[in-house]
Amino acid sequence: MEHEIRDEQSGVARRIAVFGANGPTGRLLTGLALAAGHQVTAVTRRPESFPLRHDRLRVAGADVLDPVAVDEVIAGQDAVLSTLGVPAGKEPITTYSQGTAAIVAAMRRHAVHRLAVVSSSGVAPQPYSDGGFLFNRVLLPYVTRAAGRTLYDDMRRMEQLVGDSGLDWTIVRPSGLYHLPAPTDYTVVDGHADGRFTARVDLAAYLLALLDDDRHIHRTVGIITTTDTPTLLRWLRTEALAGR
């Protein structure tokens, strides 16, 4: 899939709200969107810790679970990109579904149509051709059915809500997230993408590219990185065991 990041003199500038902006993917997305000439509202519960500054950036201190705050953020936007993320745990998780419900309701009220949300390949886990026995038969079932069960259950509720929203939506399912310094020639397919890893910067670049691409409206897509991917051991050490 060929793609490029536009400079500030090209393309159509839009007003974009980024939810989950203070997470690793959200920060990358915000930076790419500013570099592409957009006006960005970065939504975070901790605006004082947001590291980026720009004359086209507004950092909004808002909790996605607060419908009034969400409504104020979405008023006047052209598109909403959600990179919400919460840690997995045994306790029930509702941030994805309740937060997205607030986003969808506000978008309907303000006639904002374009929505893209980050979900996960773990919502509909399938074996990977490069996974091997340890990954496919041990790690994947443990993560999706035990350690991350409440998280993926809530992501499923989020996906159902988005699919029923009536908006111009795209659900994006990355695989295991890791760091690369720049976007690659990432792969996007409808449904399940046969690859274990997705660079955060590729995920951010694709979310931004969706603003100029209608092919995946009303679609759930998988995105994977196929170059410079980590070994399973390195990924476990640097990502899964080190926190997000």
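Note: hydrogens, waters and symmetry copies are ignored here, and every other heavy atom, side chains too, is used. Nothing here was measured: the structure is a model prediction, and the numbers come from that model.
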Do you know which two heavy atoms are closest between Gly31 and Leu52, and how far apart they sit?
N-CD1, 3.9 Å
Short side-chain to backbone donor-acceptor contact, Ser175 and Gly195, under 3.5 Å:
yes
Please determine, by modelled atom types, if Thr170 and Arg114 share a side-chain donor-acceptor pair under 3.5 angstrom.
yes
Does Arg234 reach the side chain of Tyr178, with side-chain heavy atoms less than 4.5 Å apart?
no
Spell out, as yes or no, whether a donor-acceptor pair under 3.5 Å connects the side chain of Ser97 to the backbone of Arg157.
no
What distance separates Leu28 CG from Leu203 CG, expressed to the nearest 0.5 Å?
9.0 Å
May I have all residue pairs that pass ring pair (Phe, Tyr, Trp, His ring centres under 6.0 Å) and include part of residues 120-163, sequence neighbours excluded?
Tyr128-Phe135, Tyr128-His192
Can you check whether Leu207 reaches Val172 side chain to side chain, under 4.5 Å on heavy atoms?
yes
Side-chain donor/acceptor of Arg156 to backbone N/O of Val123, under 3.5 Å:
yes
Would a hydrophobic clustering, with Ile, Leu, Val, Met, Phe, Trp and Tyr connected at side-chain separations under 4.5 Å, put Phe197 with Leu134?
yes
Go through Ile93 and Asp153 one step at a time and tell me if the side chain to side chain contact (heavy atoms under 4.5 Å, CB included) criterion holds.
CA-CA 8 Å; Ile93 291 173; Asp153 284 348; over 6 Å; no
Derivation and outcome, side chain to side chain contact (heavy atoms under 4.5 Å, CB included), residues Arg46 and Val59
CA-CA 9 Å; Arg46 298 181 297 277; Val59 181; over 6 Å; no
Using atom types as modelled and distance alone, determine if a side-chain donor or acceptor of Arg56 lies under 3.5 Å from a backbone N or O of Leu34.
yes
Atom of Gly26, atom of Val18 and distance for their closest heavy-atom approach
O-CG1, 4.3 Å
For the backbone of Thr226 and the side chain of Thr229, can you confirm whether one donor and one acceptor N or O come within less than 3.5 Å of each other?
no
Could you walk me through whether Val201 and Thr225 pass side chain to side chain contact (heavy atoms under 4.5 Å, CB included), step by step?
CA-CA 10 Å; Val201 70; Thr225 301; over 6 Å; no
Sub-4.5 Å side-chain heavy-atom contact between Arg149 and Thr144
no
Is a donor on one side and an acceptor on the other found under 3.5 Å between the side chain of His38 and the backbone of Arg14?
yes
Does any N or O in the side chain of Trp235 come within less than 3.5 Å of the main-chain N or O of Leu177, such that one atom is a donor and the other an acceptor?
yes
Short question: side chain of Asp154, backbone of Thr95 - any donor-acceptor pair under 3.5 Å?
yes
Val221/Tyr206 under side chain to side chain contact (heavy atoms under 4.5 Å, CB included): CA gap, chis, key distance, verdict:
CA-CA 11 Å; Val221 300; Tyr206 176 63; 3.7 Å; yes
If hydrophobic clusters are built from ILVMFWY residues whose side chains come within less than 4.5 Å, do Tyr186 and Val189 share one?
no
Check whether more than 12 heavy atoms from other residues, nucleotides or ligands sit under 6.0 Å from atom CZ of Arg109, and answer yes or no.
yes
Counting C-beta onward and ignoring hydrogens, is there a side-chain heavy-atom pair between Leu208 and Leu29 closer than 4.5 Å?
yes
Working to the nearest 0.5 Å, report the span between CG of Asp202 and OG1 of Thr187.
9.0 Å
So do the side chains of Thr100 and Phe19 get within less than 4.5 Å of each other, counting heavy atoms only?
no
Quick one: does His216's side chain get under 4.5 Å of Asp190's, heavy atoms only?
yes
Would you say that Arg200 contacts Glu239 through its side chain, given a criterion of any heavy-atom pair below 4.5 Å between the two side chains?
yes
For Glu91, look at atom CD and say whether over 12 heavy atoms of other residues, nucleotides or ligands are found less than 6.0 Å away.
no
Might you point out which heavy atoms bring His218 and Leu167 nearest each other, and give the distance in Å?
NE2-O, 2.9 Å
Please check if the side chain of Thr30 supplies one atom and the backbone of Ala21 the other of a donor-acceptor pair under 3.5 Å.
no
Name all residues meeting the side chain to side chain donor-acceptor pair (under 3.5 Å) criterion together with Arg58; count only those two or more places apart in sequence or in a different chain, and write none if there are none.
none
With the 4.5 Å side-chain cut-off for hydrophobic clustering, are Ile217 and Ile16 part of the same group?
no
For residues 74-89, pull every pair meeting side-chain hydrogen bond (donor to acceptor under 3.5 Å, both in side chains), keeping only residues two or more places apart or in separate chains.
Arg15-Asp78, Thr41-Gln77
ILVMFWY cluster, Leu139 and Ile224 together (side-chain gap under 4.5 Å)
no
Taking the side chain as everything from C-beta on, heavy atoms only, tell me whether Ser120 gets closer than 4.5 Å to Arg173.
no
